[in-house]
Each structure stands twice: as C-alpha cells, then as structure tokens.
Student: 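Quick one: structure below, then a few questions.
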Amino acid sequence: MVWGEVIHPDSFTENNRKVADGIATKPSKDRFPVKIQVVRVANEGTRLEETTGGEDTSPQSTESDQGDDCFFCLYVQDLRARLQIVALEEKVKHLSATQDAIVRASGQSLVVVDETGRIASMSDGASTMFGFEHSDSLIGHHLNTIIQEGNGIFGSVDLSDGNQREVRGIRDDGGVLDMEIGVSSIQHTRDVAIMVKNNSQRETEELQRYRELQSNRGIVLGILDASFHALFVINEACMIQMVNTKSSEVFGWSKEEFIGRNINMIMTHDIASQHNQYVETYLKTGVKHMIGTQREVTAKRKDGSTFPCQLGLAEPHGQSGLICGFIRDLTAEKKAREEMKAEQQLLEKVLDASFDALFVINEKGIIEKVNKASTEAFGWKSEELMGHNINIIMPQHHAKLHDDYLEHYAATGVRKMIGKQREVEARRKDGTTFPCILGMAELQHNRRRLYVGFIKDVTIQRSLLVAEAEREASDSLLHNILPEHIARRLKDDPSHIADHYENTTVLFADIVGFTDKTSAMSPHDVVTMLNELFSRFDYLVGLYGLNKVKTIGDCYMVSSIPSDELEHDGCARVCRFALGLMTEVKSFNNTAPRHGHIDLRVGIAIGQVVAGVVGTKRFLFDMWGDCVNVASRMESHGLPGQIQVTKEVVDSAGSDFSFELRGTLNVKGKGVMDVFLLKSAKELKNRTRSVYNDYLGPHSAPRCRSHSTA
C-alpha cells in the first residue's frame with residue numbers, strides 16, 4: 001500500500017502547514033482521528049531522527065531523494081477512546097451540576113456523599129430536618145456530622161438499589177432523630193445517594209393509625225365473638241385465616257388449632273372431597289354456586305360427632321381471595337322443630353279424640369280447621385268444611401245474625417259470645433237440626449285474629465235432663481212419703497220391707513172437737529184449715545228430723561226416725577216437736593181467726609215397734625206395736641192444750657225438759673200407768689237438721705199443700 005492510501009493527505013497540511021495529527025482511513029473508507037509519529041531509519045537500521053506531528057514530516061520534505069536510501073517508521077495512535085473520555089468527563093461535569101440542582105430543589109430529604117463519606121450535596125428538606133438554615137453549610141462535612149452511624153454506612157450496608165436501614169440522626173441543636181435511610185449508589189460515579197425519612201413523626205402517625213386499626217379490629221372481633229354463630233374466614237387455598245369464639249364452642253377446637261388448617265377439617269368426608277374443587281373452580285371462573293346462598297349441611301366436631309347446620313358463604317368486599325362462612329348449629333332448632341311437630345301431631349290427636357266438635361275460623365268466618373268429631377257430628381268431610389263460612393252448620397235464621405256479630409265485634413270490640421257458652425241450634429249436612437252448647441274463645445296466631453268454637457251435641461243430655469227431672473220429682477215424692485233411708489232401700493230393692501225397732505218414740509196429735517167444729521164448715525174451709533195447720537207441722541218435722549208417719553182425718557202421727565243412727569236422741573226430738581206444735585197452734589189461732597179457736601191433744605210413748613212398707617201403690621211406711629197403742633191412748637186420754645207422756649218418755653227425754661206428774665191412768669191392755677205432762681224445754685243453742693228429711697230448709701217458712709174445691 002502506498003502512504004496516501006492509509007493516511008489522508010490532508011492530515012499533515014492545512015493551508016500548506018504541517019499538523020500534528022492525521023486522519024486514518026480504514027478499508028471501508030471510514031475515517032477516524034489518530035496521532036502519528038514519523039522516524040527516519042538508515043539502511044543499516046540506524047534511527048536517524050524522530051519527527052512528531054507539528055513538524056514537516058511529509059515524505060516530500062525528507063532528504064531521501066538526495067542521498068542514500070532511507071526508511072520512515074510511522075507510529076499511529078488511535079485518538080477515538082481519548083476523545084470519548086474527554087466527552088464523558090464533560091458530560092459528568094454537566095450531570096453533577098444537574099444532580100446538585102435536582103438534590104437542592106428536591107422536596108424530599110436527600111443527601112449525596114462522595115466515596116470518602118463527605119457530603120457533596122443536600123436538599124433543602126434534609127437541611128431543614130437536621131436543623132440547618134442552608135444546605136450549603138454542610139457541604140464538605142463528613143456524614144457522621146448528621147448521622148451517628150455514618151462511618152458504618154459504607155462498610156456494613158449493601159449499596160444496591162433499595163437497601164434500607166434505621167439510624168439515629170443528629171440535629172444542629174444536638175437533638176436526636178429516629179430515621180430511616182435508603183442508600184444506593186449513583187451510576188457512573190462513586191457517589192452515594194441517601195434518602196432520609198424522619199420516623200419520629202411517622203411513628204406517631206403510624207402509632208395512631210395502628211391504635212385505630214387495633215381499636216377497629218377489637219370492635220370487629222368483639223362483634224364477631226359476640227355472634228351466636230360460628231364464623232370462618234378462609235383464603236383461596238381453603239386455609240383458615242380467622243375464627244371467632246363461637247367456632248371453638250361449637251366444634252371443640254381452640255382458635256390456635258383452627259388457624260392455618262384446611263377448612264375441610266370441620267366437614268364430613270363426602271363434603272370435604274368436593275369443597276376444595278368448588279373453591280378452586282369459583283376462583284378461576286367466578287361462577288357462584290354457593291357464594292351468597294345458604295344451605296343445610298352436616299358438620300363434624302373435634303370428637304368426630306356430626307350435627308346439622310346451616311352454611312352461608314360470602315366474599316368480603318375488596319378482599320379478593322377470601323371467603324367468609326357463617327355456620328349456624330341447627331341441632332336445637334331441629335330438635336325444637338321435631339318436638340313442635342310431635343306436639344302438633346299430639347295436639348291433633350287430642351283434638352280428634354275430643355268428643356266435642358271443634359271449629360277454627362278467621363275474622364271473616366271462614367273455617368280453617370276442624371277435628372274428627374266435627375265431621376262425625378255434622379256429616380260433612382273435613383275438606384267439605386274447610387274454606388267455607390261457618391254458617392254452613394247453622395240454621396238459616398241464625399246464619400245472618402252470626403256474620404253480623406263478627407262484623408260488629410271486629411269494628412267495636414264488644415263481646416257478646418266470646419268467652420261464653422250458650423245453647424244454640426245446629427244443622428247437619430242432611431238438613432236436620434239438633435241442640436248444642438257453643439263455647440267460643442279468641443286467640444292470636446301469627447298476628448291474625450282467630451276464633452275457636454267447641455260444639456257439644458246435647459240431644460242426649462236433654463233427654464237425660466228430662467229423665468233426671470222426672471226421677472228427682474219421683475224421689476221427692478217418695479221422700480215425702482217415706483223416711484229417706486227407707487226410700488233408698490225401696491229404690492234398691494222394691495221387695496217387702498219390714499223391720500223391728502227396739503226404742504222408737506211415737507206421737508199422736510189430734511184437734512179437740514174437730515168433728516163438731518167442722519160440721520158447720522164447708523169442705524173447702526176444712527181442707528184449707530187442715531192444709532195450713534198441717535203445713536206448719538210438716539215444717540217442724542223437717543226442722544227436728546222426724547218421720548211423719550201419716551195423717552188420719554185430724555190426727556197427725558209422727559215418730560222418731562226408726563234407725564239405730566239417731567235413736568239416742570229421738571225422744572228428745574219428738575218432745576221438742578210436741579212443744580213446737582203447741583206454739584204453732586197458738587200462732588195459727590192468732591193469724592187465722594176465721595177458723596175459730598183450735599186446741600190440740602198430744603200423746604207421746606216410747607218402746608218397741610214393727611215398721612214396714614205396705615202395698616205396691618201409694619206406698620205407706622206404717623208402724624205397729626204396743627208403743628203405738630200406748631201413744632194413741634196418751635193422746636185420747638189427754639187434756640186439751642196439753643202434752644201427755646209416759647214414765648218412759650220422762651226417763652228418756654233427759655234433763656233439758658220439764659215434766660209435771662198428772663197422776664195415774666188405766667190404759668186398755670196396759671193397766672194403771674203413771675202419766676206426765678210436758679211443760680217446757682231448755683232452748684237449743686245449735687238446732688240440728690234431719691239427715692233424712694232435708695227437703696225443707698231449717699228456717700224456711702211452712703209450705704202449704706195445694707188444694708182444690710173441684
């Protein structure tokens with residue numbers, strides 16, 4: 001190659017002047033700057049002289065053409081790298097100035113130090129943080145002027161981008177700051193940029209924020225722990241992140257045992273095998289099968305036992321990947337439902353077992369429930385009654401009144417039938433009617449007003465009442481004729497009744513001169529007089545508990561109750577009755593003077609008698625015996641207005657009575673007997689009623705028998 005092909009001819013001359021540097025060319029004709037040095041060498045290899053750029057070193061100016069042959073050695077230095085370095089140095093100077101301007105203008109707390117640890121630049125925010133008025137006042141000072149561990153930042157801290165650590169800062173006034181610094185190197189330099197953050201203020205703000213979060217978290221946890229239901233929060237891997245206290249109570253695991261474990265720990269095997277797959281599918285596709293819904297499942301406790309529960313799933317707002325599950329134990333609820341169902345079934349059985357018809361109607365009178373007795377009593381099937389108005393079972397003239405009553409009660413609240421019972425007439429499906437007792441009650445059910453009516457068919461009861469009334473009338477008549485214990489015996493055994501009694505007191509009372517007195521009276525007046533007088537006597541019989549044997553004309557026969565129960569005071573009762581007769585006669589004479597003055601003779605004896613019922617019609621309980629004959633003789637041989645008794649009566653009556661000896665009397669069949677007159681008796685403190693003839697009250701007025709002139 002020739003010289004001109006390597007070194008550009010213009011490299012050595014510029015306006016006919018030699019230059020130091022040249023421009024070299026590559027085979028590709030690219031040019032690049034070079035520095036050249038030319039050395040002339042003799043033939044023998046001796047270096048003759050050295051020429052550098054700036055001198056005339058062109059081949060034309062050498063003396064090789066004038067003398068011996070010589071060689072030129074050309075040294076070429078590529079200047080491209082050197083020129084790049086110069087350019088870079090200029091760029092670094094520009095960047096450094098720019099960096100310093102940026103640091104100073106930065107609103108952040110930024111410090112730049114060189115490789116020796118001295119501050120190269122500082123932002124105004126950093127100088128303010130450290131208490132210096134101007135950022136220039138720290139330029140050139142070592143970093144440990146403002147940071148206690150400044151010397152150690154470069155030796156112990158990784159200078160890669162993002163490296164952070166906590167240090168203590170020193171203010172100009174000597175105060176100490178808790179700071180956090182971020183250290184990183186600056187490219188193309190050996191400087192280090194340090195971002196400084198004051199943690200003292202941050203800690204106060206963060207502490208406040210932390211306390212607020214803790215308070216809110218405490219409130220939330222308190223609310224969750226106060227929940228009556230178990231709560232689980234799981235992540236997208238089905239791992240339990242949070243539980244409440246109720247979860248531990250329900251399932252038996254502690255909170256610590258729950259956290260971090262798969263939720264299928266509380267599931268039965270068949271559910272657990274599907275749950276993870278469902279969550280995975282939901283998180284991938286977003287298709288919700290259970291999220292936002294509730295369903296009944298079976299859960300498992302720590303001890304392996306299972307229980308029914310209701311599961312509700314939800315995805316918390318703004319918490320992607322978390323799922324909340326509320327679990328409500330249905331054990332008690334299901335048990336209550338089963339018990340309620342059993343009670344309902346039992347109630348229906350009880351209602352169906354009732355002998356009375358039951359109807360439940362609403363405010364409009366529409367039938368909502370009936371029992372079995374209703375269908376049997378009225379002839380309709382239950383489905384034929386349900387949904388129809390209750391007036392379907394009422395006669396037409398009652399139906400309209402019933403609807404009006406319901407409307408009136410709903411409007412005014414005035415009760416006429418609610419809470420009461422009354423007898424009404426009901427209608428069967430076949431149109432026949434029957435008497436019944438209706439009882440109505442009001443109840444509230446599910447905020448609805450309902451009425452319950454019990455209906456009792458009283459057809460049989462009515463018949464029984466009629467029969468009972470007839471029986472009572474018959475018994476009353478029988479008791480008026482016979483002593484009660486004899487009447488009972490006669491009803492139980494209507495065969496022959498004849499008894500012997502050892503100690504029975506018998507009394508005869510007769511109106512003195514009755515035949516002569518009544519001969520001038522009309523039959524009506526005679527009957528009226530005897531009815532009024534004997535009604536008074538009947539009252540005394542009931543008052544003293546005696547047995548009225550019979551009346552024969554004007555003769556009134558009474559005895560003590562022929563029974564062992566009252567024989568011990570039967571004589572005293574008869575004596576008081578006799579005194580009462582005299583009192584009633586005096587009262588009768590005063591109140592009924594139209595009949596004229598009436599006197600009685602009374603005779604009393606005590607002894608053995610035979611008593612029994614004679615005949616089959618118009619029963620008569622009669623007495624026979626020596627005692628009856630003696631009592632009759634005592635009356636017939638007595639004195640008007642006096643009560644004549646035997647010595648046995650005086651001995652049996654007791655000390656409460658006062659007797660007067662009349663003398664002796666020759667009694668037919670008995671011979672001479674001592675006889676006495678009963679004068680008075682001590683007043684009774686407690687008057688005793690008869691346990692046999694109690695059809696009259698102890699203080700009721702005498703009742704007169706009805707009579708007719710027909």
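Basis for what follows: all heavy atoms, side chains included, without hydrogens, waters or symmetry-related copies.
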Student: M195 versus E180: any side-chain heavy-atom pair under 4.5 Å?
Tutor: no
Student: Take atom NZ in K364; do more than 12 heavy atoms of anything else shown fall under 6.0 Å from it?
Tutor: no
Student: Any side-chain heavy-atom pair from M179 and I147 closer than 4.5 angstrom?
Tutor: yes
Student: Is there side-chain contact between F232 and I323, with heavy atoms separated by less than 4.5 Å?
Tutor: no
Student: Please report the closest heavy-atom contact between F251 and A230, naming both atoms and the distance.
Tutor: CE1-CB, 4.1 Å
Student: Any idea which heavy atoms bring G252 and K302 closest together, and the distance?
Tutor: O-CD, 3.5 Å
Student: Considering all heavy atoms of both residues, which atom of C324 and which atom of L231 are nearest to each other, and what is their separation?
Tutor: CB-CD1, 4.5 Å
Student: Quick one: pull up NZ in K369 and CE in M386 and give me the separation to the nearest 0.5 Å.
Tutor: 7.0 Å
Student: Among residues at least two apart in sequence or on other chains, which ones pass side-chain contact (heavy atoms from CB on, under 4.5 Å) with E249?
Tutor: T245, K246
Student: Does a sphere of radius 6.0 Å around NZ in K255 hold more than 12 heavy atoms from other residues, nucleotides or ligands, not counting ones at 6.0 Å or beyond?
Tutor: yes
Student: With a 3.5 Å cut-off and no angle check, do the side chains of S127 and D124 form a donor-acceptor pair?
Tutor: no
Student: Tell me the closest heavy-atom pair linking S254 and S248, and the distance in Å.
Tutor: C-OG, 3.7 Å
Student: Determine the minimum heavy-atom distance between R168 and V176, stating which atoms define it.
Tutor: NH1-CG1, 3.6 Å
Student: How would you list, by chain and number, every residue that makes a side-chain contact (heavy atoms from CB on, under 4.5 Å) with E368, sequence neighbours excluded?
Tutor: N362, R448, L450
Student: With sequence neighbours excluded, tell me which residues meet side-chain hydrogen bond (donor to acceptor under 3.5 Å, both in side chains) with T306.
Tutor: none
Student: Does a side-chain heavy-atom distance below 4.5 Å link K335 with M340?
Tutor: no
Student: Kindly compute the distance separating CD1 (I361) from CD1 (I366), expressed to the nearest 0.5 Å.
Tutor: 8.5 Å
Student: Where the side chain of N144 meets the backbone of G117, is there a donor-acceptor pair that is under 3.5 Å apart?
Tutor: no
Student: Less than 4.5 Å apart, any side-chain heavy atom of C309 and any of V297?
Tutor: yes
Student: Tell me, do I240 and M265 make a side-chain contact under 4.5 Å, heavy atoms counted?
Tutor: yes
Student: Write down the atom of S121, the atom of I139, and the distance for their closest heavy-atom approach.
Tutor: CA-CD1, 3.5 Å
